[in-house]
Peer 1: 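Got a structure here, written out as structure tokens. Questions coming.
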Amino acid sequence: SYEAGIPSSGLGTSAALNALWLGLIKGINEDISSPELRQLIAEKAHRIERELGIIGGKQDQYAAVFGGINLFVFHQDGSVDIRKVPIPESRLQELRKSLILFDTGETRLSSRLHEYVWGNYRKGLNRAPLVRMREIAFEMFDCLADGDLESFGYLMNENWECQKALHQSITNERIEDIFEVVKRVGVLGGKACGAGGGGCLVFLTEPERRKQVEGVLSNLPGVIVQFEFDWDGLLVE
């Protein structure tokens, strides 16, 4: 969760806001705590964006509604499997201390980036990276379940390389410069949040190197974002 809710950040702000007002409407007369009703809200929030011509998947809506750290498996028939990642409690706080969220301050329209990506897909130009990104998601699940944060960081790097292979607009000179700087101080992994092209970047480092990484980031244009894991998802009280 990021309390400022900055637009075009890659943090799923628009999906979260759509889920919020739908939850407020449904929550007037119903208890929205059931998984079935939460899933309905996530689906409707996604459908609203599609009807407005906004291109994108359902992951942001599901993440906002369910909270926690999950693997979402989206099937061709429209069904969705929600698998909570069983991270060992002893490693959970280490994960929190190892992650650094950095807002580049560069805005971008994610729907436009998705148009470029799927345009390339229809031309058969980026199918291998997309398939590999799907495989990486399952491998990341296993790493977190095993408490293997080092391998998780390496998979973040591989995911970012696959993401950049989808279309040239997903990265730019400024983003690449930021990655070069943090690599010099030993981050284990990193990637752009959301569609890329700007917005927020997330890095994984060893907790003892955190201050050093934050030190170099503080000298770059942008803002280090303080965040917390949200375990409850959508609540109406």
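One-based numbering along the sequence shown.
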Peer 1: To the nearest 0.5 angstrom, please state how far the CD atom of Glu135 sits from the SG atom of Cys162.
Peer 2: 9.0 Å
Peer 1: If you compare all heavy atoms of Ile32 against all heavy atoms of Val236, which two are closest, and at what distance to 0.1 Å?
Peer 2: CD1-CG2, 3.4 Å
Peer 1: How about CZ on Arg50, more than 12 heavy atoms from neighbouring residues, nucleotides or ligands closer than 6.0 Å, or not?
Peer 2: no
Peer 1: Drop me the distance from Cys143's SG to Ile87's CD1, to the nearest 0.5 angstrom.
Peer 2: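 Spacing of SG (Cys143) from CD1 (Ile87) equals 11.0 Å.
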Peer 1: Could you tell me the separation between the CG atom of Asp148 and the CG atom of Leu155, rounded to the nearest 0.5 Å?
Peer 2: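 The distance works out to 8.5 Å.
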Peer 1: Just wondering, more than 12 heavy atoms not from Arg127 lying within 6.0 Å of its CZ?
Peer 2: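 Enclosed: over 12 neighbouring heavy atoms sit under 6.0 Å from CZ of Arg127.
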Peer 1: Which atom names give the shortest non-hydrogen contact between Gly190 and Asn157, and what distance separates them?
Peer 2: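 Nearest pair, atom of Gly190 first, then Asn157: N-OD1, 3.1 Å.
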Peer 1: Can you pull out every salt bridge (Lys or Arg N to Asp or Glu O under 4.0 Å) where at least one residue sits in residues 57-79? Sequence neighbours excluded, please.
Peer 2: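 Output for this query lists Glu43-Lys58.
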Peer 1: Mind jotting down which residue pairs meet the ring-ring contact (aromatic ring centres under 6.0 Å, His included) criterion with at least one end in residues 125-148? Sequence neighbours excluded, please.
Peer 2: none
Peer 1: If you count the non-hydrogen atoms of other residues, nucleotides and ligands that lie under 6.0 Å from CD in Glu208, is the total more than 12?
Peer 2: yes
Peer 1: Going only through I, L, V, M, F, W and Y residues with side-chain contacts under 4.5 Å, is there a path from Tyr154 to Ile136?
Peer 2: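 No, it is not one cluster - the side chains of Tyr154 and Ile136 are not joined through contacts under 4.5 Å.
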Peer 1: Could you give the distance from CD1 (Ile25) to CD (Glu30), rounded to the nearest 0.5 Å?
Peer 2: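 The CD atom of Glu30 is 11.5 Å from CD1 of Ile25, to the nearest 0.5 Å.
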Peer 1: Check Leu220, Val223, Leu201 against Thr104 for a side-chain contact (heavy atoms from CB on, under 4.5 Å) and give me the one that passes.
Peer 2: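 With Thr104 as partner, side-chain contact (heavy atoms from CB on, under 4.5 Å) holds for just one option, Leu201.
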Peer 1: Please state whether the rings of Phe179 and Trp160 are parallel, tilted or perpendicular, taking 30° and 60° as the class boundaries.
Peer 2: parallel
Peer 1: State the CG-NZ distance between Leu149 and Lys97, to the nearest 0.5 angstrom.
Peer 2: 12.5 Å
Peer 1: If you count heavy atoms of other groups shown closer than 6.0 angstrom to NZ of Lys44, is the number above 12?
Peer 2: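 No, NZ of Lys44 has 12 or fewer neighbouring heavy atoms, counting only those of other groups under 6.0 Å.
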Peer 1: Would you call the rings of Phe74 and Phe72 parallel, tilted or perpendicular if under 30° counts as parallel and over 60° as perpendicular?
Peer 2: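 Rings of Phe74 and Phe72: tilted, as their planes differ by 30° to 60°.
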